[in-house]
Amino acid sequence: MDRARQIRQRLQQVRERIARWEAAYGRRAGSVRLLAVSKTFPPADVLAAAATGQVAFGESYVQEAVAKMAGIELALEWHFIGPLQSNKTRLVATHFGWVQSIDRFRIARRLNDQRPPDAPPLAVCLQVNVSGEPQKAGVPPAELPALAEAVAGLPRLRLRGLMAIPARQPDFDAQRRAFARLRDLFEALKARGHALDTLSMGMTADLEAAIAEGATLVRVGTGIFGARPPRRG
Ligand SMILES: *Cc1c(COP(=O)(O)O)cnc(C)c1O
């Protein structure tokens with residue numbers, strides 16, 4: 001089958017999956033946004049998805065993403081969702097509208113300082129290490145309130161919510177428990193006065209459990225674009 005057509009069909013299936021689970025869990029129709037994770041896939045694939053009305057795209061590798069954007073003229077909403085090193089913050093602050101993977105103040109401050117003055121504030125989510133895995137990215141839950149406070153004080157960033165990538169769990173209830181932890185942290189920050197609207201959790205394999213626990217944004221790559229080629233380095 002034609003590649004663009006295949007992407008359109010898969011997108012349709014993912015949207016139906018989201019709608020089904022919104023209904024099943026009493027979520028308002030349309031309350032869960034879809035981020036199409038296009039990392040490792042070419043501009044033509046992004047254009048095929050955009051042709052169906054898909055607006056938000058997620059990327060994890062800075063150079064690859066910036067090169068891809070250069071080949072796309074549409075005004076799309078680009079989310080950076082990968083690990084971010086300080087030598088790449090300027091490119092991210094310049095080319096993206098969102099960064100979901102902030103887990104250190106140092107990186108947030110650089111993005112704030114490097115956000116171009118004519119661009120709107122950069123929308124950001126804090127990435128939380130909800131599963132407590134030692135090698136994993138994300139701020140430990142105990143340090144989240146202090147980081148949120150500090151990031152909320154940066155004028156060129158706008159703190160929108162939280163993101164997590166819990167440890168892989170085959171079991172639906174275990175998936176739900178990990179997402180429930182992130183939702184509890186999200187509610188606790190809102191109770192402290194942070195005006196948050198984005199709970200970014202759930203990927204191809206576990207988006208149902210994330211929707212059940214209140215996700216407002218699910219990040220889907222494989223489910224739309226198919227298996228990713230293995231990456232070097
Ligand atoms: C790659 C990636 C995704 C998409 O994962 P799939 O399993 O392909 O849906 C979602 N979130 C983050 C942070 C990613 O890096």
Side-chain angles (χ1 to χ4, degrees), residues 3 6-7 9-18 21 32-42 45-46 48-49 54-66 68 76-85 88 92 96-104 107 111 122-131 133 135-139 160-172 174-175 178-179 181-183 185-186 198-233:
R3 171 80 179 154
Q6 185 179 44
I7 290 171
Q9 285 192 352
R10 288 208 186 112
L11 255 172
Q12 188 54 35
Q13 285 160 4
V14 170
R15 290 191 183 118
E16 283 165 11
R17 216 172 130 194
I18 292 171
W21 286 77
V32 181
R33 279 189 94 199
L34 173 60
L35 181 73
V37 178
S38 48
K39 66 184 181 207
T40 77
F41 293 104
D45 287 2
V46 172
Q54 181 64 34
V55 170
F57 291 86
E59 291 284 336
S60 298
Y61 312 108
V62 180
Q63 263 105 351
E64 183 215 330
V66 170
K68 190 178 307 184
L76 300 174
E77 185 184 295
W78 293 99
H79 293 232
F80 188 75
I81 60 174
L84 183 49
Q85 285 142 11
K88 305 272 175 63
V92 170
F96 285 81
W98 284 71
V99 178
Q100 295 195 16
S101 45
I102 292 190
D103 61 2
R104 280 166 293 163
I107 294 292
L111 290 168
L122 184 64
V124 300
C125 292
L126 304 180
Q127 183 175 350
V128 184
N129 185 354
V130 275
S131 305
E133 297 164 280
Q135 304 296 331
K136 262 275 194 59
V139 60
R160 297 289 294 268
L162 301 180
M163 185 272 263
I165 314 170
R168 232 178 264 283
Q169 298 272 5
D171 173 60
F172 185 74
Q175 290 172 1
F179 291 134
R181 280 199 292 280
L182 191 68
R183 187 201 52 214
L185 294 166
F186 181 72
T198 302
L199 189 50
S200 171
M201 55 188 198
M203 320 202 302
T204 300
D206 57 11
L207 67 87
E208 286 86 358
I211 292 172
E213 293 298 340
T216 69
L217 185 75
V218 293
R219 310 179 307 268
V220 178
T222 316
I224 298 169
F225 299 109
R228 282 181 290 276
R231 254 185 74 82
R232 293 175 292 116

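Just so you know, ligand 1 is whichever comes first in the structure, and atom 1 is the first atom listed for that ligand. What you see below is based on every heavy atom in this structure, not just the backbone, and it leaves out hydrogens, waters and symmetry mates. One-based numbering along the sequence shown.
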For atom 10 (C) of ligand 1, the closest protein heavy atom turns out to be Met203 SD, 3.2 Å
query: Is the shortest distance from a heavy atom of Ala205 to ligand 1 less than 4.0 Å?
result: no
Relative to the ring of Trp78, is the ring of Phe57 parallel (under 30°), tilted (30 to 60°) or perpendicular (over 60°)? tilted
Among non-hydrogen protein atoms, atom 9 (O) of ligand 1 lies closest to Thr204 OG1, 2.5 Å
Checking heavy atoms under 4.0 Å, the part of Lys39 that sits near ligand 1 is side chain
The option among Ile224, Leu207, Ile81 carrying the non-hydrogen atom nearest to atom 12 (C) of ligand 1 is Ile81
Step through the shown structure and confirm whether more than 12 heavy atoms of other residues, nucleotides or ligands are within 6.0 Å of CZ on Arg3.
yes
Closest non-hydrogen contact found for Phe225 with Arg10 is C-NH1, 3.4 Å
A student checking ligand 1 against Ser60 at a 4.0 Å heavy-atom cut-off should list atoms 15 (O)
- Is there a heavy atom in Gln100 that sits closer than 4.0 Å to ligand 1? no
Atom 11 (N) of ligand 1: closest protein heavy atom, distance to 0.1 Å, is Arg219 NE, 2.8 Å
Original post:
Is Arg33 salt-bridged to Glu77, cutoff N-O under 4.0 Å?
Top reply: yes
The atoms of ligand 1 lying under 4.0 Å from a heavy atom of Val220, numbered in the order shown, are 9 (O)
Ranking Ile165, Thr222, Val218, Val37 by closest non-hydrogen atom to atom 8 (O) of ligand 1, top hit is Thr222
Ranked by distance from atom 4 (C) of ligand 1, the top protein heavy atom is Gly221 N, 3.7 Å
Does Ser60 reach the main-chain N or O of Lys39 with its side chain, forming a donor-acceptor pair under 3.5 Å?
no
Donor-acceptor pair, distance only, cut-off 3.5 Å: does the side chain of Arg219 make one with the backbone of Ser200?
yes
| field | Expected output: side-chain Asn129 to main-chain Gly138 donor-acceptor under 3.5 Å | value | no
Is it the case that Thr40 and Glu64 place a side-chain donor and acceptor less than 3.5 Å from each other? no
